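Values reported hereafter were calculated over all heavy atoms of this structure, with side chains retained and with hydrogens, waters and symmetry mates removed. This structure is a prediction, so every number in the text was calculated from the model and none was measured. Sequence lines set the chain letters: A, B, ... in the order given, protein chains first and strands last, and positions in each chain run from 1.
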There are 2 protein chains.
Amino acid sequence: MTYQPVDAQRDPLVRDTPARETIGTSAASDSLRARPCPHNPAASCSNCRLSDLCLPIALNKSEIQQLDNIIERNRPLIKGEHLYRQRDEFRSVYAVRSGSFKSYTLTSDGKSRVTGFYMPGEILGMDGIGTRIHGVSTMALEHASICEIPFSQLEKLSHQLPNLQSRFFAIMGNEIVKDQHIHTLLSSYTAEQRLASFLLSLSTRYARCQLSPDRFLLQMTRGDIGEYLGLTLETVSRGFSSLQKKAIISVKSREIAITDMAGLKAILGD
Amino acid sequence: MTYQPVDAQRDPLVRDTPARETIGTSAASDSLRARPCPHNPAASCSNCRLSDLCLPIALNKSEIQQLDNIIERNRPLIKGEHLYRQRDEFRSVYAVRSGSFKSYTLTSDGKSRVTGFYMPGEILGMDGIGTRIHGVSTMALEHASICEIPFSQLEKLSHQLPNLQSRFFAIMGNEIVKDQHIHTLLSSYTAEQRLASFLLSLSTRYARCQLSPDRFLLQMTRGDIGEYLGLTLETVSRGFSSLQKKAIISVKSREIAITDMAGLKAILGD
DNA sequence: ACATAGTATTGATTGAGATCAAAAAACGAT
DNA sequence: ATCGTTTTTTGATCTCAATCAATACTATGT
């Protein structure tokens, strides 16, 4: 299996078939929704180790159970597979259960631009809540599993559970704040500062899901990182090399070790 | 009255007094909340000409009336006055009633970066919903009036009115999509494309509130525009001059006339 | 193990926009 | 109307990151 998605020959911008028919691989073309995940037969929020950083924060046991009932846990996605595509009708938001994803748009001249990376416990797909059409495509960067939360049901349940409504408002608010940070980053940071900020963001997010904050594997290519940070892949590569030369990080292909956390933070000017 | 805000001598990042005490001018230092707006004594969503592009979309008359009851219409703000500041405790979101605003952050090296401009009918202050602390400062660009919507009451009411909950989810979703567009713009557009995109955005937003889409006044400085688009003010100025030389727009200080709308769109590559 | 495609590094050169600088225009207060 | 401040324009120069280019590395499928 190469990095190239199984359905790469299809142009995501000129597709005409509905999303759920394109999510399956050629071997398994049946709908994603129809297949309960065989890998997590007894999966539930109640026993999910991510429950304290995902949607259920601030919900009590009975509320979590009700949330559990509307969540659909489907078969895992393989690397390169799409969860949904730009212009697909919006039906659900998703919580990453394992693995990681990237969201991206295609610009008018055919280039792709990454709008976000998503890790376990994070919510994605909120583009589309307003327009009812997904504004970006989202693809698994590695073998990954997700919890699908049909939005109409989430709205109904939020209406019954004030805590859930509050929680979802907060999640969307945090997404807006995150976007503002990126706006500032892209409009004023140097290449080195962008990379430092990116690595620090990954670090804290890995820490959140109990993984090492100073040793991790990048699941995305240098090109993906560049598309996200507004840099070319060459500049990303040079930036990593330069940070390594300064003994701030150690890079070996996709393996990153942060050897001088304070130094990395200092690049952002305190 | 200069453009410099009346309270400019205070450093927004080291302030210690609560927001509402800083909003008043030196002449009128009493709380913003305590003063019903003398300019709009009978103001209400029901008779507001913006009601079909603001929060009340998709609400029926009785629902609008209930929303009306929680909205506080305060005295207008003068140019340069702050609605709230970065690090203020979050209490409310706001709908622009008249005039315009800019939101901005200060970076660690003291430079300011504009995160958004807001026009009549638009909602601002949604940074802070998740964190309960405002992530940006917001300042009136001209004499302006707003509707303040205390968030705790909005949440309570949303819980009673599914349409309102739905509407607010949509507003936040649209904000996220807007932010993704800016992400793409900042990470791949040239200076000229950024300016074209900015002018087109203003144009459609002016059209939304019944104003001319091809002749309008910029309420922000070249510096503000540059901070928003990730350019210097000199580049913004040169960009306007260049677009004028191409007969796509006509600029006379803050007055903009779009003379070739198709040409402007063509700069964005269809 | 090998072939192949995708990915990453590094070097040389170029260019768009930043920075520095100075003058002109617009605006607000008195 | 006039003064002082802020904003805008335009020019000259510089710089960081893009682009072009070539090689090296890594992973996947046969």
Side-chain angles (χ1 to χ4, degrees), chain A residues 1-6 8-9 25-27 78-80 102 109 111-114 139 141-143 185-195 217-227 229-245 249-256 267, chain B residues 1-6 8-9 27 78-80 102 109 111-113 141-143 185-195 217-227 229-245 249-256 267:
Chain A
M1 181 64 196
T2 67
Y3 178 76
Q4 189 57 234
V6 288
Q9 68 282 8
T25 64
S26 47
I78 58 171
K79 190 179 185 179
K102 73 167 178 182
D109 55 340
K111 278 177 203 156
S112 109
R113 290 283 129 184
V114 172
M139 175 193 278
L141 290 172
E142 59 190 307
H143 194 87
L185 178 144
L186 291 174
S187 70
S188 56
Y189 286 18
T190 63
E192 191 178 52
Q193 288 178 315
R194 293 179 201 198
L195 280 172
L217 213 62
L218 299 174
Q219 293 297 342
M220 65 294 285
T221 66
R222 304 289 193 263
D224 288 337
I225 298 170
E227 284 182 22
L229 296 176
L231 303 168
T232 59
L233 66 95
E234 292 96 328
T235 302
V236 171
S237 178
R238 273 185 253 267
F240 282 154
S241 300
S242 150
L243 288 174
Q244 182 164 238
K245 207 165 287 171
I249 64 172
S250 152
V251 198
K252 200 187 156 199
S253 138
R254 299 278 182 97
E255 274 179 75
I256 298 281
I267 289 172
Chain B
M1 181 64 195
T2 67
Y3 178 75
Q4 189 58 234
V6 288
Q9 69 279 10
I78 58 170
K79 192 178 183 178
K102 72 166 178 183
D109 57 340
K111 278 177 205 157
S112 107
R113 289 284 129 183
L141 290 172
E142 61 190 305
H143 194 87
L185 178 143
L186 290 174
S187 70
S188 56
Y189 285 19
T190 64
E192 191 177 53
Q193 288 178 314
R194 293 179 201 197
L195 280 172
L217 214 61
L218 299 174
Q219 294 297 341
M220 65 294 283
T221 67
R222 304 288 193 264
D224 288 336
I225 298 170
E227 284 182 22
L229 296 176
L231 303 169
T232 59
L233 67 93
E234 293 94 330
T235 302
V236 172
S237 176
R238 273 186 252 268
F240 281 154
S241 299
S242 149
L243 288 174
Q244 182 165 236
K245 207 165 287 170
I249 63 172
S250 151
V251 197
K252 200 187 158 198
S253 144
R254 299 278 182 97
E255 274 178 72
I256 298 281
I267 288 172

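Nearest approach of A/Arg222 to A/Val251, heavy atoms of both residues: NH2-CG1, 3.7 Å. Between A/Arg113 and B/Ser187, the shortest heavy-atom distance links the atoms NH1-O, 2.9 Å.
Atom CG in B/Leu195 sits about 14 Å away from atom C1' in D/dT8, given to the nearest Å. Distance A/Glu227 CD to D/dA18 P: 12 Å, rounded to the nearest Å. Between the P atom of C/dT9 and the CD atom of A/Glu255 lies a distance of 13 Å, rounded to the nearest Å. Rounded to an integer number of Å, the gap from CG of B/Leu231 to P of D/dT9 is 14 Å. Distance CD1 (B/Ile225) to C1' (C/dG17): 17 Å, rounded to an integer number of Å. Between the CD atom of B/Gln219 and the C1' atom of C/dC27 there is a distance of 14 Å, rounded to whole Å. Protein atom CD1 of B/Ile256 is 11 Å distant from nucleotide atom P of D/dT8, rounded to whole Å. For the pair A/Arg222 CZ and D/dC25 C1', the interatomic distance rounds to 11 Å; values are reported in whole Å.
A search for side chain to side chain donor-acceptor pair (under 3.5 Å) contacts involving B/Glu142 returns B/Ser100, B/Gln219, not counting sequence neighbours.
Atoms OG and CG, from B/Ser237 and B/Leu195 in turn, are 10.0 Å apart once rounded to the nearest 0.5 Å. Of the inter-residue distances, the one linking A/Thr235 atom OG1 with A/Ile225 atom CD1 reads 12.5 Å to the nearest 0.5 angstrom. Here the OG atom belonging to A/Ser250 is positioned 8.0 Å from the CD1 atom belonging to A/Ile256, to the nearest 0.5 angstrom.
For B/Arg254, taking side-chain heavy atoms from C-beta onward, the closest of the listed nucleotides D/dT7, C/dA8, D/dA17 is D/dT7.
In this structure, A/Gly230 reaches the sugar-phosphate backbone alone: every heavy-atom distance under 4.0 Å involves primed, P, OP1 or OP2 atoms, never a base.
Contacts of residues 234-243 of chain B with DNA chain D (heavy atom under 4.0 Å): B/Glu234, B/Ser237, B/Arg238, B/Ser241.
Judged by distance alone, the side chains of A/Ser112 and A/Glu227 do bring a donor and an acceptor atom under 3.5 Å apart.
Residue whose closest nucleotide on DNA chain D sits further toward the 5' end, between B/Leu233 and A/Thr232: B/Leu233.
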